[in-house]
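A short write-up of the structure that comes next.
Along the sequence shown, residues carry numbers from 1.
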Amino acid sequence: MSDTHAQDHITDLFVIGGGINGCGIARDAVGRGLSVSLAEMKDLAWATSSASTKLFHGGLRYLEYFEFRLVREALIEREVLLKAMPHISWPMRFVLPFHKDMRFDSETPTSRLLTTVMPWMKGRRPAWLIRLGLFLYDSLGKRGILPGTAKLDLAADPAGRPLDPKFKTAFEYSDCWVEDARLVVLNARDAEARGAEIMTRTQVTGAQRHDDHWVISLRDLSTGETFERRARMLVNAGGPWVADVLRQKLGQNSRESVRLVRGSHIVVPKLFDHGRCYFFQGTDGRIIFAIPYEEDYTLIGTTDADHPDPETAPTCTPEEQEYLVKFASQYFASPISRDDIVWTYSGVRPLYDDGASSATAATREYVLTLDDSAAPLLNVFGGKITTYRKLAEAALEKIGTVFPDLKDDWTAGVALPGGDFAVGDVAKLTAKLAQDYPFLSPYATRRLIRAYGTEAWDVLGDATSAADLGQDFGATITARELDWTIAHEWVRAGEDFLWRRTKLGLRLSEDQRAAVDSYIRAQLAGPAA
């Protein structure tokens, strides 16, 4: 489409924001027959959607806030999502060690209730309550793939070996891992394959209503070029910037706002050899996870702290690092220190501002508001990665009031790119890739299947030797893979590939990371004149 034609053409839907909610809505909408354009001011998933704890989970601790609807929806969604993306998501067992000193967050409804009726508990979280919570967790959702809760003797179970011997008993339950940034990219790819226009590094500088449609002003941040798009309806999925977009870019007066909550994580060398995750409860009532990460590391997080504004880049502060180190060290037999940290990351959750007194207590429910003027506007507040598909369906229900002839819900059970195989067939697919490309290392084979699924064969193409894959950048990264992600996954800089499409930046030196970035930029620049 030429720029002239694009400026005259009116699409049905224009989506602001290339995080999981924006890309999920774009995919769902274009699959129902709407024409869709999406603009992301930086890289896909560059903010909140690549900084999660990487879990598809019901949110066990949300039960203490009585958020039963949210938990039930998320629990049911786990297996729906797992079947659609078995390459980037997989089942995981969570080990919850128990000790009598565990405490509630004092601000939860459950804590206040028990303090009233059982004051002698003095804020302790009893074993019977944990068992009740896990019973609800097993019962609220429909489990077909994921096993239920079990009780562990930590003196006999391998999960007890890395822990302080004071922990004798644990409970084990199921949730799922997900590669969050890849989830966003795959939704965007599927949306584009169905006809959506996906524009990255494209900033919305303003939008105005013109009779029955919006005129959106845009700037290509790579070239500086300015241009316009027109759309019958606008979706504001700006994440942490949703309120800023609403007021500053769209000029709308609204009382709706978000509460920005920073969640920080640390990554340390692998602390245990099994593939299960730990769910740790603190004496302050908070919880953290310790999760097997990228085969050779352990991911620990997260914190909950109010964040000043979206323009302040979130970082894992020294205080947060110390908090996570001390929290985890209360559980492990060998304490960790800040010297063990190899990487940190931090993201800002844009929670709907419900007036909660603490960041931890703020609701994780999503809120959708529709301004159904002649040129309608839908604003997306809050949400969590596990329920992104349900949020998109709820958004399309509201969008359907503007476009009444929409097709029905369709995304449940429809595989994302590369995910067209059974949940239990990862090992079989990995073995097939190793057979077809015997020059790959076992690690490379596992990594490629986990990243690309059945599309790993498209990435490797007709290669019959390692040399056919081009330059080797280290950590199994080759020129052929980089070329494929440039062509198919909107990779425009080294950080896009090394810290979002993958986490291979962990395995490279500074010089190697610079070489990846230089190669990508050179490929985009094209042959020298």
I would like to know whether V36 and D12 meet side-chain contact (heavy atoms from CB on, under 4.5 Å); could you show each step before the answer? CA-CA 6 Å; V36 178; D12 293 324; over 6 Å; no

Looking just at side-chain N and O atoms, do R446 and T430 make a donor-acceptor pair shorter than 3.5 Å? no

When you compare the side chains of H265 and T53, does any donor N or O come within less than 3.5 Å of an acceptor on the partner? yes

With a 3.5 Å cut-off and sequence neighbours excluded, list the donor-acceptor pairs that the side chains of residues 267-279 form with protein atoms.
{"from": "H274", "atom 1": "ND1", "to": "R276", "atom 2": "N", "distance (Å)": "3.1"}
{"from": "H274", "atom 1": "NE2", "to": "Y278", "atom 2": "OH", "distance (Å)": "2.8"}
{"from": "R276", "atom 1": "NH1", "to": "D157", "atom 2": "OD1", "distance (Å)": "3.2"}
{"from": "R276", "atom 1": "NH1", "to": "E172", "atom 2": "OE2", "distance (Å)": "2.7"}
{"from": "R276", "atom 1": "NH2", "to": "D157", "atom 2": "OD1", "distance (Å)": "2.7"}
{"from": "Y278", "atom 1": "OH", "to": "A159", "atom 2": "O", "distance (Å)": "2.5"}

cation_pi(R450, W90) dist<6.0 Å, angle<=45: yes

Nearest-0.5 Å distance, CG of residue L396 to NZ of residue K398: 12.5 Å

Between S89 (side chain) and P86 (backbone), is there a donor-acceptor pair under 3.5 Å? no

Between V185 and R501, is any pair of side-chain heavy atoms under 4.5 Å apart? yes

Can you tell me how far apart CG (L416) and CE (M85) are? Round to the nearest 0.5 Å. 4.5 Å

E320 vs T303, test: side-chain hydrogen bond (donor to acceptor under 3.5 Å, both in side chains). Steps then yes/no. CA-CA 7 Å; E320 286 176 307; T303 59; 2.8 Å; yes

Taking every non-hydrogen atom, the tightest pair across I88 and A451: CG2-O, 4.0 Å

Assess, by modelled atom type and distance only, whether the side chains of W410 and D28 contain a donor and an acceptor separated by less than 3.5 Å. yes

Pick one: which of F167, F98, F289 meets ring-ring contact (aromatic ring centres under 6.0 Å, His included) with Y331? F167

Please tell me if the side chains of Y297 and V342 come closer than 4.5 Å, counting only heavy atoms from C-beta onward. yes

Take D306 and R262, measure what salt bridge (charged side-chain N to carboxylate O under 4.0 Å, His left out) needs, and give me the verdict at the end. CA-CA 6 Å; D306 283 311; R262 185 176 65 253; over 6 Å; no

Is a side-chain N or O of K384 found less than 3.5 angstrom from the main chain of H57, in a donor-acceptor match? yes

Looking at OG1 of T369 and CG of L377, how far apart are the two atoms once the value is rounded to the nearest 0.5 Å? 7.0 Å

Crowding at CZ, F135 (>12 non-hydrogen neighbours, <6.0 Å): no

Aromatic rings F421 and H87: how do their planes relate, parallel, tilted or perpendicular, breaks at 30° and 60°? perpendicular

Any luck finding a side-chain donor-acceptor pair between Y388 and N187 under 3.5 Å? yes

How long is the gap from CG on D425 to CG on D420, to the nearest 0.5 Å? 11.0 Å

Ring centroid separation for W241 and W46, is it under 6.0 angstrom? yes

With a 4.5 Å cut-off on side-chain heavy atoms, are V380 and V242 touching? no

Nearest 0.5 Å, what's the CG-CZ distance between D408 and R32? 7.5 Å

Is there a side-chain hydrogen bond (donor to acceptor under 3.5 Å, both in side chains) between T411 and R389 once you walk through the steps? CA-CA 8 Å; T411 55; R389 195 192 64 83; 3.0 Å; yes

Assess whether side-chain hydrogen bond (donor to acceptor under 3.5 Å, both in side chains) is satisfied between S174 and R93, documenting all intermediate values. CA-CA 5 Å; S174 292; R93 294 290 277 173; 2.7 Å; yes

Applying salt bridge (charged side-chain N to carboxylate O under 4.0 Å, His left out), run through K390 and E393 and close with a yes or a no. CA-CA 5 Å; K390 296 299 290 185; E393 286 186 343; 3.3 Å; yes

Between Y345 and T315, is a side-chain contact (heavy atoms from CB on, under 4.5 Å) present by the stated rule, with each step listed? CA-CA 6 Å; Y345 69 88; T315 58; over 6 Å; no

Side chains of L163 and P97: does their closest heavy-atom pair fall under 4.5 Å? yes

Would you call the rings of F280 and F332 parallel, tilted or perpendicular, where under 30° means parallel and over 60° means perpendicular? perpendicular

Using side chain to side chain donor-acceptor pair (under 3.5 Å) as the criterion, list what pairs up with D296, not counting sequence neighbours. R507

Dump the intermediate steps for salt bridge (charged side-chain N to carboxylate O under 4.0 Å, His left out) on K503 and E179, then the final yes or no. CA-CA 10 Å; K503 295 297 181 289; E179 299 288 354; 5.3 Å; no

Under 3.5 Å, sequence neighbours excluded: what are the donor-acceptor pairs made by side chains of residues 14-27?
{"from": "N21", "atom 1": "ND2", "to": "G382", "atom 2": "O", "distance (Å)": "3.4"}
{"from": "R27", "atom 1": "NE", "to": "D190", "atom 2": "OD2", "distance (Å)": "2.7"}
{"from": "R27", "atom 1": "NH2", "to": "D190", "atom 2": "OD2", "distance (Å)": "3.4"}
{"from": "R27", "atom 1": "NH2", "to": "V414", "atom 2": "O", "distance (Å)": "3.2"}

Go through Y173 and Y137 one step at a time and tell me if the ring-ring contact (aromatic ring centres under 6.0 Å, His included) criterion holds. CA-CA 9 Å; Y173 67 96; Y137 208 67; 5.5 Å; yes

Taking atom CD of E295 as the centre, does the number of heavy atoms from other residues, nucleotides or ligands within less than 6.0 Å exceed 12? yes

Inter-residue atom distance N379.CG - D371.CG, 0.5 Å rounding: 8.0 Å

Can a donor-acceptor pair be found, under 3.5 Å and without considering hydrogens, that links the side chain of E79 to the backbone of L146? yes

Pair V95, L152 - check side-chain contact (heavy atoms from CB on, under 4.5 Å), show working. CA-CA 8 Å; V95 176; L152 302 181; 4.1 Å; yes

Close side-chain approach of E489 and Y452, heavy atoms under 4.5 Å: yes

Could you check whether any side-chain heavy atom of M233 comes within less than 4.5 Å of a side-chain heavy atom of I399, counting everything from C-beta outward? yes

So does D43 get a backbone contact from the side chain of T200, meaning a donor-acceptor N/O pair under 3.5 Å? no

Could you check if a side-chain atom of T502 sits within less than 4.5 angstrom of a side-chain atom of R447, using non-hydrogen atoms only? yes

Do P240 and T48 make a side-chain contact, defined as non-hydrogen atoms from C-beta onward lying under 4.5 Å apart? yes

We want to know whether S49 and D180 form a side-chain donor-acceptor pair, criterion being a heavy-atom distance below 3.5 angstrom. no

Criterion side-chain contact (heavy atoms from CB on, under 4.5 Å) on L370 and T401, from CA distance to verdict: CA-CA 10 Å; L370 176 64; T401 64; 3.6 Å; yes

Within the distance-only criterion (no hydrogens, no angle test), does the side chain of T302 pair as donor or acceptor with the backbone N or O of S264 below 3.5 angstrom? yes

Identify the two heavy atoms, one from S52 and one from I385, that lie closest to each other, and give their separation to 0.1 Å. OG-CD1, 4.4 Å

salt_bridge(R286, D304) N-O dist < 4.0 Å: yes

Would you confirm whether R78, through its side chain, and C176, through its main-chain N or O, come within 3.5 Å as a donor-acceptor pair? no

